[in-house]
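Counting starts at 1 for both ligands and their atoms, following the listed order.
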Amino acid sequence: MALFWDCLMALLAAFGLVCIAWPPILWEKIEYYHRAKHKRNEGKTMELNEALNKLDALQKKSYAYGAGLSALYLDGDTVAPSDTEEGRSLAVSVLAGEWHERFTSPETGELLDFLAAHKEELDQVRRRQVEELKRDYDKDRRIPAEEYMEFQRLTSEANAVWKRAKAGNDFALFLPYLEKIVAFNRKFAGYYDPDKAPYDALLDEYERGTSMAFYDPFFAALRERIVPLIRAVGEKEQPDDSFLRRRYPVEAQRKFSDYLMEVMGLDRRHVGIGETEHPFTDSFNNKDVRITTHYYENDVASSMYSVIHEGGHAKYDLGVADELQYTRLAGGVSMGLHESQSRFYENLIGRSLPFIRAIFPRMREFFPEQLADVTPEMFWRAVNKAQPSLIRTEADELTYPLHVMVRYEIEKRLIDGTLEAKDVPETWNRLYKEYLGVDVPDDTHGCLQDSHWAGGSLGYFPTYALGSAYGAQMLKNMEHDIDVWGPVGRGDLSQVTAWLKEKVHRFGGLLEPADVVKNACGTFDPTIYTDYLTRKYSELYHL
Ligand code: ZN
């Protein structure tokens with residue numbers, strides 16, 4: 001469920017402004033405009049108030065371009081007729097190009113420099129806006145225009161080739177593209193931060209403050225606890241989950257989605273739901289968020305948990321303070337934190353027994369025949385069935401982090417040059433055997449399954465596992481502060497949401513990701529996550 005597109009959309013939401021100059025999704029389509037020659041305007045002094053007005057105008061414009069682009073994507077993915085891509089692509093490329101030109105202009109640089117020089121006179125909100133915008137600006141200008149354009153063309157092509165390679169189980173077809181994408185990522189890492197190891201610079205792009213020195217012990221700690229746990233679960237009898245695959249009519253599933261959104265407290269005057277191939281969340285502002293799902297007639301849990309997952313992303317964006325709207329600080333602050341919220345609602349709440357008991361009577365009204373012989377306990381066991389598998393996006397909560405770990409190990413070695421792209425399949429298969437105990441039958445179900453690398457992203461995967469770990473720590477603190485399970489057991493999530501809003505949502509980008517984590521989790525400690533998994537699966541499987 002935690003699909004790339006879902007998370008990409010979360011990224012778009014999280015980085016309202018960056019999304020215009022920097023999202024992989026736009027890279028494919030941006031027609032790059034050469035920068036205007038830098039004309040220095042020395043001696044020009046701007047009054048602070050005038051500068052702040054300009055800062056507001058800049059951010060509102062950024063919002064407007066972003067909203068326009070988002071609306072075009074949303075339309076293309078949801079209701080647009082099939083052969084209408086051409087005009088939208090043109091509109092997207094013009095809008096994105098115009099914004100890039102405007103944002104990287106010398107005037108923007110002067111404005112941000114001026115405000116940075118007066119930062120002592122700015123309040124916290126303004127200071128953070130300037131800091132973040134300056135960071136975006138410096139980064140966007142460091143990448144040479146020609147390389148930026150070449151990378152857009154490469155990933156656009158690579159994406160199309162990857163689809164063919166995946167369909168035809170033909171890694172050799174994709175290999176030359178992967179080689180070039182790795183080389184580009186190495187080079188870009190040097191632009192992001194020349195003082196860091198290249199993979200550290202890439203990791204920092206997706207979750208600020210993280211590095212290999214952070215992730216290595218994190219993943220080692222997960223492995224040490226999760227691998228034996230999976231082995232123990234594997235020796236137990238598996239629950240019957242066949243009833244999840246009875247025929248669940250899409251019309252009834254749609255009504256069930258409406259009900260789930262109601263339980264989550266998603267106000268339908270501010271949150272819409274659509275249907276797409278891959279579920280995602282697209283946020284315009286804290287009063288207009290769209291989620292999507294995909295209905296499978298023979299799999300009721302798929303859409304159910306997509307709605308709850310995307311609903312979690314939506315809750316985050318809806319909870320950001322009003323004063324941060326239409327600025328650089330609107331939306332969630334990082335990938336890891338966004339994923340912590342979606343996975344919190346999906347797994348920690350949505351796959352808990354109290355929650356399932358609470359919603360089950362209504363669920364039975366939507367699916368009376370399908371669930372006639374099913375109890376809430378049976379349903380709870382079925383949606384928590386843990387079994388090592390090949391595909392990350394279909395993996396259960398327990399085995400999921402190991403899928404992420406395989407990708408982390410491979411990316412790390414690709415970027416530091418100790419693994420050649422041509423050896424990825426062999427390494428992938430070996431690590432799947434070692435971590436998950438499964439034999440990979442072909443590259444389609446192996447190293448070609450995800451679109452991230454074809455889209456140019458290396459360093460993205462680890463945030464998925466990190467979000468889960470953040471969530472477990474938040475739950476522990478939440479349980480300390482409030483009665484979580486009493487209200488959840490009555491289908492009332494309002495206290496859960498209020499806690500998350502207070503500790504995470506309202507800040508948007510006002511705090512650094514690490515400070516939000518500290519605020520909601522305390523000191524980061526992956527054993528809290530592995531303790532949570534151990535407790536949960538010991539109960540489920542009577543270990
Ligand atoms: Zn997600």
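- Between the side chains of H313 and S342, at least one donor N or O lies within less than 3.5 Å of an accepting N or O.
- Applying the side-chain hydrogen bond (donor to acceptor under 3.5 Å, both in side chains) test to E409 and every residue at least two apart in sequence or in another chain returns nothing.
- Here H313 meets the criterion, with an N, O or S atom under 2.8 Å of the Zn ion (ligand 1).
- Rounded to the nearest 10 degrees, the angle NE2 (H309) to the Zn ion (ligand 1) to OE2 (E339) equals 80°.
- Inclusion of E310 in the first shell of the Zn ion (ligand 1) is not supported: no N, O or S atom falls under 2.8 Å.
- In this structure, R392 forms no cation-pi arrangement with F461, as its terminal cationic atom is not both closer than 6.0 Å to the ring centre and no more than 45° off the ring axis.
- R164 meets the side-chain hydrogen bond (donor to acceptor under 3.5 Å, both in side chains) test with no other residue; sequence neighbours excluded.
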